[in-house]
Amino acid sequence: MQSDPLLSGKELAERAVESYQENFQSSPAVLSQAPGRLEILGNHTDYNNGFILSIALDLSIVIAGGQEEGSPSRLAAWSSSFNERVEAGLEKILPAEDSWINYPLGVLREIRESGIRLPSINLAVESSLPVGAGVSSSAALELATAEAAYGMLGGRPATPLEQAQLCQRAENDFVGVPCGILDQFSSLFGLRDHVLFLDCDTLDYDRIALPGSEVAVVIADSGVQHELVDGKYAALRSHCRRATQKIGELLGREISSLRQVSLDEFLGCREQLDEEDRRRAEHVIRENSRVLAGVEALRRGDLGKLGELMLQSHSSSRDLFGNSCAELDFLIESAAELPGFIGGKLSGGGFGGATVNLVEQNAAVDFQHRLEESCRNRLKTPARTFLTTIGDGARLLGNPQES
């Protein structure tokens with residue numbers, strides 16, 4: 001799948017309307033947009049009921065949507081990125097084999113389960129997100145689908161958080177990726193020039209203004225295929241689950257997640273854990289502390305401290321959690337040597353994908369070019385880099401006829 005990260009949101013919207021008209025011989029009723037996201041701190045803490053810091057990007061998916069009456073109802077979806085139109089039934093919604101349409105299908109199934117009748121629905125999808133780079137294009141597609149569907153059909157959930165949870169269920173139960181709430185939350189709740197904080201246990205959240213406004217985001221795609229449905233993600237969750245159970249037995253109390261284990265408690269019993277379970281648990285417990293330290297750094301306006309915590313997080317992902325790779329490590333090591341670098345780490349599930357780098361705005365273009373140059377002769381596939389900023393969350397756009 002290819003996308004065009006150089007397109008602005010307005011250009012994406014215009015292309016979505018044109019694609020809809022070409023594929024469905026009519027004009028769309030709604031336009032929706034949902035951004036990708038990057039995790040700043042909190043790697044794999046979400047499904048352990050921990051803490052996260054994340055941002056929404058000024059790169060996104062835009063959907064033009066419309067509906068038709070008729071029986072049986074069906075979904076017809078066109079993606080310029082895949083250069084294909086796919087159809088699936090909405091009377092009995094079943095996963096398609098190895099297809100991107102499963103993400104909108106899963107969302108529509110959840111919407112139907114909430115009691116909303118589904119007519120035949122047409123979607124035209126345009127994207128500026130680098131797919132497979134750990135920026136959660138899947139969550140953006142889910143949220144953009146939900147926004148379009150609610151814009152056409154009504155019935156929006158009582159709170160935005162319920163909408164994020166609906167999209168998470170779609171990915172967990174329909175697509176089969178056991179992700180936490182991080183991706184969908186970040187794509188929906190993003191706010192320009194703000195970092196998002198989420199307590200994944202209580203679901204309390206905050207938007208914290210980024211100190212100053214002169215910070216750019218450089219995404220560096222390692223070129224290593226980023227896949228979460230091949231079992232690696234699920235294996236990490238299993239290690240965390242086993243560690244949680246064992247620590248509870250050792251401490252003599254019921255523990256439902258690693259969030260409930262202090263560092264001192266962990267250090268007191270870690271030698272009695274299976275080695276791999278121990279390493280995964282140590283990463284999560286220390287990562288939660290790093291997120292809270294990052295929140296305090298942001299509130300003090302200390303970007304330097306936030307950058308240090310990001311580098312510590314990457315080292316922990318590499319050495320304890322085991323979800324980095326040589327290409328990601330090289331990208332971070334190279335970036336840390338360049339002028340303007342504030343902090344960086346792998347983002348998302350790991351095992352490939354991309355790194356996120358916070359960079360001084362006035363050095364960002366030179367930083368991007370130098371990072372590409374340093375990687376050109378060291379990686380099997382030259383790293384792609386993308387310069388962007390922190391953007392807003394998922395929303396309905398204006399009248400499609402005015403795009």
Side-chain angles (χ1 to χ4, degrees), residues 28-35 37 46-47 49 61 63-79 85-125 136-189 198 200-203 205 228-229 233-234 237 393-396:
V30 296
L31 272 174
S32 64
Q33 184 172 24
R37 70 96 187 98
D46 56 346
Y47 57 78
N49 285 351
I61 284 176
I63 288 180
Q67 59 179 308
E68 300 176 8
E69 293 301 328
S71 183
S73 62
R74 56 97 187 107
L75 169 66
W78 162 264
S79 167
R85 171 172 165 163
V86 185
E87 296 196 12
L90 292 180
E91 300 286 344
K92 184 177 182 181
I93 302 177
L94 298 172
E97 184 175 354
D98 192 28
S99 175
W100 59 271
I101 202 174
N102 286 330
Y103 296 99
L105 270 179
V107 170
L108 292 174
R109 187 184 73 162
E110 291 295 328
I111 290 175
R112 188 186 66 185
E113 292 282 321
S114 73
I116 298 174
R117 186 186 73 86
L118 297 180
S120 289
I121 292 174
N122 301 324
L123 302 176
V125 183
S136 200
S137 55
S138 59
L141 180 54
E142 292 156 6
L143 265 301
T145 299
E147 285 293 321
Y150 290 128
M152 290 186 287
L153 308 176
R156 186 181 293 274
T159 68
L161 190 58
E162 290 178 47
Q163 182 173 330
Q165 290 171 317
L166 179 147
C167 291
Q168 180 196 7
R169 290 196 302 273
E171 188 149 349
N172 291 171
D173 302 337
F174 192 79
V175 181
V177 177
C179 64
I181 193 65
L182 165 65
D183 298 348
Q184 292 80 13
F185 166 81
S186 303
S187 184
L188 184 57
F189 282 78
L198 177 66
C200 297
D201 183 28
T202 65
L203 299 182
Y205 66 91
L228 296 184
V229 294
Y233 187 95
R237 291 192 67 148
R395 61 201 185 278
L396 282 171

Considering all heavy atoms of both residues, which atom of Glu162 and which atom of Pro157 are nearest to each other, and what is their separation? CB-CB, 3.7 Å
Please find the pair of heavy atoms, one from Ala146 and one from Ile111, that lie closest to each other, and give the distance. CA-CD1, 4.4 Å
Test item: side-chain donor near acceptor, Asn122 and Glu68, under 3.5 Å: yes
Set of ring pair (Phe, Tyr, Trp, His ring centres under 6.0 Å) partners for Tyr150, sequence neighbours left out: none
One should read off an interatomic distance between Tyr103 OH and Thr145 OG1, to the nearest 0.5 angstrom, of 12.0 Å
Rounded to the nearest 0.5 Å, what separation is found between the CZ atom of Arg395 and the OG atom of Ser32? 10.0 Å
Measuring from Ile181:CD1 to Tyr205:OH, what's the distance to the nearest 0.5 Å? 12.5 Å
Rounded distance (nearest 0.5 Å) linking atom SG of Cys167 with atom CG of Leu188: 8.0 Å
For the side chain of Glu91 and the backbone of Ser73, is there at least one donor-acceptor N/O pair under 3.5 Å apart? yes
Phe185 side, atom CZ; Leu198 side, atom CG - distance, nearest 0.5 Å: 4.5 Å
From CG (Leu141) to CD1 (Ile63), nearest 0.5 Å: 5.5 Å
Does the side-chain contact (heavy atoms from CB on, under 4.5 Å) test come out yes or no for Gln165 and Gln184, once each step is laid out? CA-CA 7 Å; Gln165 290 171 317; Gln184 292 80 13; over 6 Å; no
Pairs under 3.5 angstrom only: tabulate donor-acceptor contacts from the side chains of residues 172-180 to other protein residues two or more places apart or in another chain.
from: Asn172; atom 1: ND2; to: Val177; atom 2: O; distance (Å): 2.8
from: Asn172; atom 1: ND2; to: Cys179; atom 2: O; distance (Å): 3.0

Quick check: do Gln163 and Leu143 have side-chain heavy atoms less than 4.5 Å from each other? yes
Side chains of Pro72 and Leu90 in contact at under 4.5 Å (non-hydrogen atoms): no
So, for Ala394 and Ala34, which heavy atoms are closest and what is the spacing to 0.1 Å? CB-CB, 3.7 Å
Of all heavy-atom pairs linking Leu105 and Ala88, the shortest is CD1-CB, 3.7 Å
Could you list all the salt bridge (charged side-chain N to carboxylate O under 4.0 Å, His left out) pairs where at least one residue sits in residues 99-108, not counting sequence neighbours? none
So Leu31 and Leu396, do their side chains get closer than 4.5 Å, heavy atoms only? no
At their closest point, which heavy atom of Ala96 faces which heavy atom of Ile101, and how far apart are they? CB-CG2, 4.0 Å
Give the minimum heavy-atom separation between Leu123 and Pro104, together with the two atoms involved. CD1-CB, 4.2 Å
Tell me, which pairs form a salt bridge (charged side-chain N to carboxylate O under 4.0 Å, His left out) where one or both residues lie in residues 92-120, sequence neighbours left out? Glu69-Arg117, Glu110-Arg169
Given the rule in the side-chain contact (heavy atoms from CB on, under 4.5 Å) test, do Asp183 and Asp46 qualify, once you have shown the distances and angles that lead to the verdict? CA-CA 9 Å; Asp183 298 348; Asp46 56 346; 5.6 Å; no
Show the numbers, then the answer: is there a side-chain contact (heavy atoms from CB on, under 4.5 Å) between Phe189 and Leu161? CA-CA 9 Å; Phe189 282 78; Leu161 190 58; 4.2 Å; yes
Partners of Glu87 by side-chain contact (heavy atoms from CB on, under 4.5 Å), sequence neighbours excluded? Arg74, Ala76, Arg85
Donor-acceptor pair, distance only, cut-off 3.5 Å: does the side chain of Ser99 make one with the backbone of Asn102? no
Sequence neighbours excluded, every pair satisfying salt bridge (charged side-chain N to carboxylate O under 4.0 Å, His left out) that has a member inside residues 146-159: Glu147-Arg156
Mind running side-chain contact (heavy atoms from CB on, under 4.5 Å) on Leu108 and Leu118 for me, showing each step along the way? CA-CA 8 Å; Leu108 292 174; Leu118 297 180; 4.1 Å; yes
Does Ser186 reach the main-chain N or O of Arg37 with its side chain, forming a donor-acceptor pair under 3.5 Å? no
